[in-house]
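Read the structure below first, then the notes.
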Amino acid sequence: MSKGTKRAVLVGCNYPKTQFSLHGCINDVEAIRGVILNIGFKESDVNVFTDAPGSQVLPTGANIKDALNRMVNKAKAGDILFFYFSGHGTRIPIFQPGQPFKQDEAIVACDLNLVTDVDFRRLVNRLPEGASFTILSDSCHSGGLIEKEKEQIGAEHKMTEKRPHMPKPSKTKAKSLTFDIIHSAINTAAGILNDATNIGQKIFGIFGKDVSLKFHPHYVDGVMVLDPVEEDEGILLSGCEANETSYDLVLQNKAFGAFTDAVVNVINQNLGVGISNRDLVAKAANILKNKGFEQDPCLYCSDENAKTLFLGGFA
């Protein structure tokens, strides 16, 4: 792959003044930003969104999708695109007549406008030949965030050894927002939409064109089908499996995500040489296991990209 531009969108949502607030997600963004600026990203090519007090542009679903779309639209052969998210994840129950029940993965923006696995699949499918798109999500249920991406490290590769018993940090909180909570908030906001018969219609009624593709009538009705392209350059490093939680914690007055902290430690140990996507996830998973965290990081990508250096290497 020819050398191109490295671009990033970094998002951290602490959801302040809500019943589901977190503590370390904005700190996570700052940690990741510091790391990638040391490995070939230019500050002008790194776009940061947080819900910190005084933020000029909040990480709403619309703003996140707009930033990702603009990043993909600029992409050329050789470019390396990176999306980092720290915040809540959720699973969307899918009921389709004649089809088995399933749950699909999403990240939760600060306004509860979900960005789903289908949205990420569409972005990956739009990449120009020779460009790549890496997602690192420190959120619950983040395994599978790219629809139909191949799993390299996950349930079939889970470590079976007993985790050591470790003292818990002073505060731990799962980065999970159940869909029931989102459903309740949407029902309240959509109270005037009397003609909306299901949650998808209500979400579409509230967010309109800014809604996730998963709730768009063209996708729901099967008019639009999104399968992986033949040469798939999507890479997902997730903090946990689709049915697991990732943890936000406070330790010695420092708030951070357990997975992000492990990833940053591994990268810092490999500055100057780089590390493959597979080895980065495996080493981060080992750190979490040794600390007693019950979350299993996953890697989803092609066989080729499992061996590729994370974000093109650290030179």
Side-chain angles (χ1 to χ4, degrees), residues 10-32 48-55 57-65 83-93 103-117 119-120 135-145 168-191 199-200 202-203 206-207 210-212 214-215 238-251 253-261 293-295:
L10 313 180
V11 175
C13 295
N14 274 344
Y15 316 93
K17 299 180 180 179
T18 69
Q19 67 189 48
F20 40 86
S21 62
L22 296 171
H23 303 284
C25 301
I26 295 172
N27 291 341
D28 289 342
V29 164
E30 288 304 312
I32 291 293
V48 175
F49 297 88
T50 74
D51 56 5
S55 290
V57 183
L58 290 171
T60 63
N63 287 338
I64 293 170
K65 288 193 282 281
F83 173 61
Y84 171 80
F85 177 78
S86 180
H88 280 303
T90 193
R91 301 189 84 187
I92 307 165
Q103 298 185 83
D104 288 343
E105 297 73 39
I107 59 171
V108 183
C110 70
D111 61 346
L112 304 188
N113 186 4
L114 304 179
V115 185
T116 71
D117 55 348
D119 299 315
F120 290 118
I135 298 171
L136 197 160
S137 190
D138 192 346
S139 57
C140 290
H141 314 301
S142 46
L145 262 180
K168 287 189 175 182
S170 55
K171 291 183 182 178
T172 59
K173 192 169 186 178
K175 293 183 171 183
S176 177
L177 198 56
T178 66
F179 196 72
D180 287 344
I181 294 175
I182 297 170
H183 195 167
S184 177
I186 294 298
N187 275 336
T188 300
I199 185 63
K202 291 175 182 178
I203 292 175
I206 292 169
F207 297 113
D210 295 323
V211 76
S212 167
K214 188 175 291 290
F215 305 113
S238 67
C240 62
E241 305 241 18
N243 62 347
E244 290 183 336
T245 54
S246 290
Y247 287 94
D248 178 72
L249 58 142
V250 178
L251 185 63
N253 295 319
K254 176 189 175 186
F256 55 93
F259 178 56
T260 298
D261 187 62
F293 286 102
E294 295 184 357
Q295 64 184 86

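Just so you know, these numbers use all the heavy atoms, side chains as well, and skip hydrogens, waters and symmetry mates.
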Practice task
Examine distances only and state if a side-chain atom of Ser212 and a backbone atom of Val115 form a donor-acceptor pair shorter than 3.5 Å.
Solution key: no
Handout entry: Salt-bridge criterion met for Lys214 and Asp104 (N-O under 4.0 Å)
Key = yes
Fill in the blank from the handout: Sorted by chain and number, sequence neighbours left out, side-chain contact (heavy atoms from CB on, under 4.5 Å) with Ala52 holds for Ile26, Thr50, Ser55
Handout entry: Closest heavy-atom pair and its distance - Tyr15, Ala109
Key = CE2-O, 3.7 Å
Handout entry: Side-chain (Gln295) to main-chain (Tyr247) donor-acceptor, under 3.5 angstrom
Key = yes
Completion exercise
Rounding to 0.5 Å, atoms NZ (Lys65) and CG (Asn113) come to a distance of 4.0 Å
Handout entry: Ser246 side chain vs Ser139 backbone, donor-acceptor pair below 3.5 Å
Key = yes
Problem - Close side-chain approach of Lys173 and Leu249, heavy atoms under 4.5 Å - result: no
Problem - Note, Pro59 side chain near Cys13 side chain (heavy atom, < 4.5 Å) - result: yes
Practice task
Please answer whether the main-chain N or O of Ala242 pairs with a side-chain N or O of His141 as donor and acceptor at a distance below 3.5 Å.
Solution key: yes
Handout entry: Thr260 side chain to Tyr84 side chain, donor-acceptor N/O pair below 3.5 angstrom
Key = yes
Problem - Pairwise side-chain contact, Ile182 with Leu177, heavy-atom cut-off 4.5 Å (strictly under) - result: yes
Exercise for the section: Answer yes when Asp28 and Lys175 have at least one side-chain N-carboxylate O distance shorter than 4.0 Å, and no when they do not. Expected result: yes
Problem - Side chains of Ile64 and Phe49 in contact at under 4.5 Å (non-hydrogen atoms) - result: no
Practice task
Indicate yes or no: at least one non-hydrogen side-chain atom of Phe83 is less than 4.5 angstrom from one of Phe120.
Solution key: yes
Handout entry: Gly239 backbone acceptor or donor facing Asp138 side chain under 3.5 Å
Key = no
Handout entry: Asp261: partners by side-chain contact (heavy atoms from CB on, under 4.5 Å), with sequence neighbours left out
Key = Lys254, Phe256, Asn265, Lys291
Problem - Side-chain heavy-atom pair Leu114, Ile107 within 4.5 angstrom cut-off - result: no
Exercise for the section: Please tell me if the side chains of Phe215 and Ile92 come closer than 4.5 Å, counting only heavy atoms from C-beta onward. Expected result: yes
Problem - side-chain contact (heavy atoms from CB on, under 4.5 Å) between Leu22 and Cys25, intermediate numbers included - result: CA-CA 7 Å; Leu22 296 171; Cys25 301; 3.6 Å; yes
Problem - Flag side-chain contact, heavy atom, 4.5 Å: Phe207 against Thr60 - result: no
Problem - Residue pair Ser142, Cys240: steps toward the side-chain contact (heavy atoms from CB on, under 4.5 Å) verdict - result: CA-CA 6 Å; Ser142 46; Cys240 62; 3.8 Å; yes
